[in-house]
Amino acid sequence: MATSVLQPEECRREHEPKPDIEPRLTKDERLQILEAKERETGELPAELRERARVELREEPAIREHALAQMRHFIEKHPAIKKSRTDAPFLLRFLRTKKYSIPQACSMLERYLTIRQMHPHWFQKLDPLDPKIAAVIDAGYLVPLPKRDAEGRRVVLSCMGRFDPHVYDSCVMARVHSMIVELLLDEPRSQLLGYTHVNDEAGMQMPHVSLWSFSDVRVMLNCIQNSTPMRHKCTHFVNIPQYGVRFFEFAVSLLSEKLKDRVMFHRTSEDLTKHVDPAILPKEYGGTVPLRDMIEELKLNLLKHRDELLALDDMCVDLHALEKNDITQDIHSTAGSFRKLELD
């Protein structure tokens with residue numbers, strides 16, 4: 001029978017607790033790792049699956065059937081030449097439309113159509129593009145690292161940090177598109193939605209003149225009908241007097257549901273009655289400086305740069321589409337859907 005050859009001192013050392021080889025992760029760091037894994041698979045965390053079942057009718061069998069139907073739609077569609085078909089991408093549309101397959105397919109077709117029709121707004125989303133990089137670095141648009149009390153991703157825009165004398169509306173639109181695309185594959189956000197905080201302090205007349213009323217109309221149509229985001233609440237704060245009519249016009253174009261989700265605040269103090277200041281940048285009452293949030297965003301954008309640029313590989317043949325309310329000379333999304341005779 002083998003006997004131990006350890007000496008008393010060695011025995012004591014053997015039973016002493018071993019120090020951690022790796023530093024312990026914070027709660028926020030653990031959550032970031034979990035969310036990164038969810039993003040790859042499209043799977044929701046266990047604690048949110050029941051909510052998805054109740055609110056979206058999402059169950060494993062329904063999800064797999066719906067994904068198969070959407071892939072069939074893409075494969076047989078006469079105008080879609082190339083599209084992403086991975087689960088996180090298709091779940092954007094299914095969750096936004098609560099698993100109505102016809103509505104999800106219609107929104108997908110609209111999404112692909114507007115990207116093709118307005119490349120100056122929706123394509124070439126490169127975080128290394130000098131103009132885009134400069135606007136990001138200035139802190140014009142930043143998704144906050146921590147979610148709000150409802151678990152929603154919060155997107156902060158600061159109009160005063162966008163220089164209208166140097167950059168045009170196309171740069172502004174591409175920055176928004178890039179941030180949106182970065183967030184859209186997050187399963188938690190697909191279920192829980194988004195909160196938007198728009199600080200208009202520093203807004204000048206040149207900001208207003210960047211956008212024609214016609215472009216505002218088209219963009220808001222795209223946001224409402226073609227972008228798979230569940231917009232839960234939009235806050236505006238610090239709007240100067242000469243900007244009031246512009247935002248009144250923009251809000252008038254929204255659906256009644258989205259109008260009811262818009263809130264205007266006179267001051268940042270009023271805003272913090274509705275948004276926990278703890279998740280906001282230090283400049284708004286939180287603890288983390290905006291600069292740190294910007295640096296984290298830049299790293300995240302670079303991490304997903306290839307994915308963002310690969311979006312431009314998706315393609316539709318605009319001439320193969322029938323008429324719809326986006327193009328006015330292309331075809332009805334419902335009509336193309338019926339032709340495929342999906343069950």
Side-chain angles (χ1 to χ4, degrees), residues 25-71 84-108 111 143-156 179-197 223-235 254-263 272-280 300 304:
L25 297 175
T26 67
K27 181 180 177 181
D28 290 339
E29 288 170 336
R30 287 197 299 271
L31 182 59
Q32 286 180 348
I33 292 172
L34 284 174
E35 290 201 28
K37 291 180 179 178
E38 294 164 11
R39 182 188 178 95
E40 293 176 2
T41 63
E43 292 287 340
L44 288 162
E47 66 270 17
L48 290 178
R49 290 172 192 163
E50 175 61 16
R51 181 167 177 176
R53 186 189 70 79
V54 173
E55 292 188 13
L56 308 181
R57 302 180 298 169
E58 176 171 314
E59 295 182 7
I62 293 174
R63 182 178 64 242
E64 293 311 308
H65 173 74
L67 288 171
Q69 291 287 74
M70 287 201 73
R71 288 171 180 138
R84 281 177 59 181
T85 58
D86 56 281
F89 177 75
L90 298 181
L91 286 168
R92 298 175 175 187
F93 304 92
L94 287 167
R95 286 170 173 157
T96 297
K97 292 302 181 182
K98 298 184 179 181
Y99 279 83
S100 165
I101 298 175
Q103 290 183 31
C105 288
S106 178
M107 176 170 268
L108 169 63
Y111 165 88
L144 305 185
K146 290 188 177 181
R147 296 173 179 270
D148 66 12
E150 303 296 328
R152 302 168 189 157
R153 180 67 70 196
V154 180
V155 183
L156 171 68
I179 298 299
V180 165
E181 291 289 352
L182 179 70
L183 303 179
L184 283 181
D185 283 349
E186 297 178 342
R188 295 176 193 235
S189 299
Q190 291 171 353
L191 169 63
L192 302 173
Y194 302 82
T195 294
H196 303 274
V197 177
I223 291 171
Q224 291 187 94
N225 301 315
S226 310
T227 306
M229 295 183 81
R230 303 187 77 197
H231 304 284
K232 292 296 186 177
C233 195
T234 298
H235 300 273
L254 298 176
S255 66
E256 291 303 316
K257 181 173 70 174
L258 290 185
K259 284 179 185 177
D260 291 341
R261 297 177 180 181
V262 175
M263 300 182 70
T272 55
K273 296 175 184 176
H274 301 272
V275 180
D276 183 0
I279 70 171
L280 295 172
N300 203 14
H304 295 285

Considering only heavy atoms from C-beta outward, does the side chain of [X] approach that of [Y] to under 4.5 Å?
{"X": "Ile179", "Y": "Pro143", "value": "yes"}
{"X": "Val180", "Y": "Tyr194", "value": "no"}
{"X": "Leu183", "Y": "Val155", "value": "yes"}

### Query
Glu50 and Arg53: salt bridge (charged side-chain N to carboxylate O under 4.0 Å, His left out), yes or no, with the steps?
CA-CA 5 Å; Glu50 175 61 16; Arg53 186 189 70 79; 2.7 Å; yes

From [X] atom [atom1] to [Y] atom [atom2], the distance as rounded to the nearest 0.5 Å:
{"X": "Leu280", "Y": "Thr272", "atom1": "CG", "atom2": "OG1", "answer": "8.0 Å"}
{"X": "Arg230", "Y": "Arg261", "atom1": "CZ", "atom2": "CZ", "answer": "7.5 Å"}
{"X": "Met107", "Y": "Leu94", "atom1": "CE", "atom2": "CG", "answer": "11.5 Å"}
{"X": "Thr234", "Y": "Leu258", "atom1": "OG1", "atom2": "CG", "answer": "7.5 Å"}
{"X": "Leu254", "Y": "Asp260", "atom1": "CG", "atom2": "CG", "answer": "10.5 Å"}
{"X": "Gln190", "Y": "Leu56", "atom1": "CD", "atom2": "CG", "answer": "9.5 Å"}

How close do [X] and [Y] get, counting heavy atoms only, and between which atoms?
{"X": "Arg30", "Y": "Leu25", "answer": "NH1-O, 2.9 Å"}
{"X": "Leu192", "Y": "Arg152", "answer": "O-CG, 3.3 Å"}
{"X": "Arg57", "Y": "Ser100", "answer": "NH2-N, 3.8 Å"}
{"X": "Ile101", "Y": "Ala66", "answer": "CD1-CA, 3.9 Å"}
{"X": "Gly193", "Y": "Lys232", "answer": "CA-CG, 4.0 Å"}
{"X": "Pro228", "Y": "Leu184", "answer": "O-CD2, 3.3 Å"}

### Task
State which residues pass side-chain contact (heavy atoms from CB on, under 4.5 Å) with Pro88; sequence neighbours excluded, sorted by chain then number.
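Pro88: side-chain contact (heavy atoms from CB on, under 4.5 Å) contacts with Asp86, Asp185.
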
Please answer whether the main-chain N or O of [Y] pairs with a side-chain N or O of [X] as donor and acceptor at a distance below 3.5 Å.
{"X": "Arg153", "Y": "Pro145", "value": "yes"}
{"X": "Gln224", "Y": "Ser255", "value": "yes"}
{"X": "Arg188", "Y": "Gly151", "value": "no"}
{"X": "Thr96", "Y": "Arg92", "value": "yes"}
{"X": "Arg71", "Y": "Thr85", "value": "yes"}

Just jot down the side chain to side chain donor-acceptor pair (under 3.5 Å) partners of [X], sequence neighbours excluded, or say none.
{"X": "Glu256", "value": "Lys259"}
{"X": "Gln32", "value": "Glu296"}
{"X": "Arg147", "value": "Glu35, Glu186, Ser189"}
{"X": "Glu55", "value": "Arg51"}

### Task
Among Leu144, Leu156, Ile279, Asp148, find the residue that satisfies the side-chain contact (heavy atoms from CB on, under 4.5 Å) test when tested with Val197.
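Answer to the side-chain contact (heavy atoms from CB on, under 4.5 Å) test with Val197 among Leu144, Leu156, Ile279, Asp148: Leu156.
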
### Task
For His304, check ring-ring contact (aromatic ring centres under 6.0 Å, His included) against everything at least two apart and list the hits.
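By the ring-ring contact (aromatic ring centres under 6.0 Å, His included) rule, His304 matches no residue at all.
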
### Query
Is it true that atom NZ of Lys146 has more than 12 heavy atoms of other residues, nucleotides or ligands lying nearer than 6.0 Å?
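For Lys146, atom NZ is not crowded (no more than 12 foreign heavy atoms under 6.0 Å).
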
### side-chain contact (heavy atoms from CB on, under 4.5 Å) between Val275 and Met263, worked out
CA-CA 11 Å; Val275 180; Met263 300 182 70; over 6 Å; no

### Query
When the ring planes of Tyr111 and Phe93 are compared, do they come out parallel, tilted or perpendicular, using 30° and 60° as the limits?
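Rings of Tyr111 and Phe93: perpendicular, over 60°.
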
